Amino acid sequence: MAEKLDTGPLIEVLQEASRVAILTGAGISAESGIPTFRGEEGLWKKYRPEELATPTAFSQDPKLVWEWYDWRRGIIGQKEPNPGHKVIARWEETFPTVSLITQNIDGLHQKAGSKNIWELHGNIWKLRCTEEGTITENYNTPLKEIPPLCPNCGALLRPHVVWFGESLSPTILQKSIQLSSECDVMFVIGTSAVVQPAASLPFEASEAGAKIVEINLDPTSLSLYADFSIRGKSGEILPLIDEELKKTPKA
Ligand code: BV8
């Protein structure tokens with residue numbers, strides 16, 4: 001269990017906060033049993049995702065790329081949100097506004113009940129027609145055919161995710177930058193703060209005067225700039241903070 005956390009100063013900040021932004025990465029889903037990208041048992045270990053999660057890999061070998069995503073969908077499909085996801089979902093009722101910006105594509109925040117979500121890198125349960133651009137949701141694990149084809153035009157379907165070397169949706173990125181620059185507090189949870197442009201959002205928030213609360217097992221390049229850098233598992237730390245918040249009446 002996380003050592004006794006001195007949340008006093010943090011609770012004072014949270015009591016004053018009305019606009020809370022939350023940026024999550026793969027670490028928030030680790031306690032649900034989903035491998036992170038750069039951890040010991042990470043996805044990057046078994047595969048070289050920078051060679052798989054790219055448009056080039058898909059155009060060269062769509063079957064191989066789909067086999068990787070089908071394997072990940074099989075793992076994710078059996079996993080449930082953990083207490084960290086659930087606290088974040090509950091905080092939509094605790095704070096006047098909570099905006100969740102996630103790098104994750106696993107859909108666990110939705111499963112936990114979060115509503116105000118901006119998915120920077122897409123969603124593994126959505127498929128996009130490479131010809132028509134239409135997006136459908138598909139929860140079959142395993143997929144009935146690999147690679148899946150568009151039932152309408154017969155073209156290849158691709159995962160509706162953002163690959164390395166691809167631009168993020170301008171609308172989602174613009175909104176995420178705006179939410180980062182307008183928030184009073186930004187939680188940065190379970191991300192190694194390596195992947196751009198997501199990793200720049202906390203600096204956007206900090207430069208606009210927000211307090212940064214990092215929750216991570218390890219230090220990251222953001223840790224030195226965070227107002228609060230809490231070491232530990234998000235599935236334990238977030239419930240601790242939530243408990244303290246409940247115990248402390250609003251000022
Ligand atoms: C783009 C979807 C314009 C696919 C993903 C500027 C500078 C440098 C590089 C670039 C730059 N701009 C663009 C780049 C290139 C690239 C990039 O950032 N590369 C990195 C590797 C340097 N970025 C892009 O290509 C982006 N596109 O900017 O477009 C452009 C276009 C062309 C050329 C240039 C620019 C698109 C990036 C999106 C890539 N897609 N995912 C898929 O998943 O299959 S990224 C992938 O990494 C996931 O989305 C993941 O979320 C993300 C980030 O990883 P993390 O979430 O941080 O996960 P990680 O394992 O690294 O860390 C987990 C953390 O959790 C650790 O710190 C660990 O300690 C902690 N943890 C573990 N357990 C717990 C925990 N914490 C708390 N509790 C626990 N229990």
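Remember, it's 1-based here, ligands and their atoms both numbered in the order they're listed. Residue numbers start at 1 and run along the sequence shown. Just so you know, these numbers come straight off a predicted model, no measurement behind them.
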Original post:
Same cluster for Leu120 and Ile105 if Ile/Leu/Val/Met/Phe/Trp/Tyr side chains link at under 4.5 Å?
Top reply: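 Leu120 does not cluster with Ile105.
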Check: [X] N/O within less than 3.5 Å of ligand 1 N/O:
| X | answer |
| --- | --- |
| Phe164 | no |
| Trp163 | no |
| Lys233 | no |
| Val162 | yes |
| Ala26 | yes |
| Leu168 | no |
| Gly190 | yes |

Which ligand 1 atoms, with their elements, are less than 4.0 angstrom from a heavy-atom of [X]?
| X | result |
| --- | --- |
| Gly25 | 56 (O) |
| Thr191 | 55 (P), 57 (O), 64 (C), 65 (O), 67 (O) |
| Asn104 | 51 (O) |
| Tyr69 | 4 (C), 42 (C), 44 (O) |
| Gly165 | 24 (C), 25 (O), 31 (C), 32 (C) |
| Glu31 | 78 (N), 79 (C), 80 (N) |
| Val195 | 18 (O), 37 (C), 47 (O), 52 (C), 53 (C) |
| Pro197 | 28 (O) |

**OP:** Would you mind finding which of Asn216, Ile230, Leu217, Asn123 brings a heavy atom closest to atom 70 (C) of ligand 1?
**Re:**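 Comparing heavy atoms across Asn216, Ile230, Leu217, Asn123, the nearest one to atom 70 (C) of ligand 1 lies in Asn216.
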Original post:
Heavy-atom distance to atom 79 (C) of ligand 1: which of Ser192, Pro55, Gly27 wins?
Top reply: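 Ranked by closest heavy atom to atom 79 (C) of ligand 1, first place is Gly27.
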Original post:
So with a 6.0 Å cut-off around NZ of Lys246, is the heavy-atom count from everything else above 12?
Top reply: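 Yes, NZ of Lys246 has more than 12 neighbouring heavy atoms, counting only those of other groups under 6.0 Å.
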Where on [X] is there a heavy atom closer than 4.0 Å to ligand 1, on the side chain, on the backbone, on both, or on neither?
| X | answer |
| --- | --- |
| Ile105 | side chain |
| Ala30 | side chain |
| Gln196 | both |
| Glu166 | backbone |

**OP:** Give the C-alpha distance, both sets of side-chain angles, the deciding distance and a yes or no for side-chain contact (heavy atoms from CB on, under 4.5 Å) between Thr191 and Thr220.
**Re:** CA-CA 8 Å; Thr191 180; Thr220 70; over 6 Å; no
Original post:
Relative to the ring of Phe187, is the ring of Trp91 parallel (under 30°), tilted (30 to 60°) or perpendicular (over 60°)?
Top reply: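 Tilted: the ring planes of Trp91 and Phe187 meet at 30° to 60°.
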Subject >> Aromatic ring pairing Tyr69/Trp163, orientation class (parallel under 30°, perpendicular over 60°, tilted between) >> reply: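 Correct class here is tilted.
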Original post:
Is it true that Gly232 lies under 4.0 Å from ligand 1, counting heavy atoms only?
Top reply: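 A heavy atom of Gly232 does come that close to ligand 1.
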**OP:** Please confirm whether Gly235 comes under 4.0 Å of ligand 1, counting heavy atoms of the residue only.
**Re:**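 Gly235 does not count as a contact of ligand 1 under the 4.0 Å cut-off.
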**OP:** Take Leu156 and Leu149, measure what side-chain contact (heavy atoms from CB on, under 4.5 Å) needs, and give me the verdict at the end.
**Re:** CA-CA 5 Å; Leu156 266 177; Leu149 303 177; 4.0 Å; yes
Are the side chains of [Y] and [X] in contact, using a 4.5 Å heavy-atom criterion?
| X | Y | answer |
| --- | --- | --- |
| Ile212 | Phe203 | no |
| Lys86 | Pro239 | no |
| Leu245 | Phe95 | yes |
| Glu244 | Leu14 | no |
| Leu10 | Ile230 | yes |

**OP:** Grab the two heavy atoms, one from Asp61 and one from Leu64, that are nearest each other, plus how far apart they are.
**Re:**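 The pair with the smallest heavy-atom distance is OD1-N, 3.0 Å.
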Original post:
Between Glu67 and Lys63, is a salt bridge (Lys or Arg N to Asp or Glu O under 4.0 Å) present by the stated rule, with each step listed?
Top reply: CA-CA 6 Å; Glu67 280 164 354; Lys63 184 169 177 296; 2.6 Å; yes
Subject >> Asp242 vs Arg90, salt bridge (Lys or Arg N to Asp or Glu O under 4.0 Å): CA-CA, chis, key distance, verdict >> reply: CA-CA 9 Å; Asp242 192 42; Arg90 230 184 3 260; 2.6 Å; yes
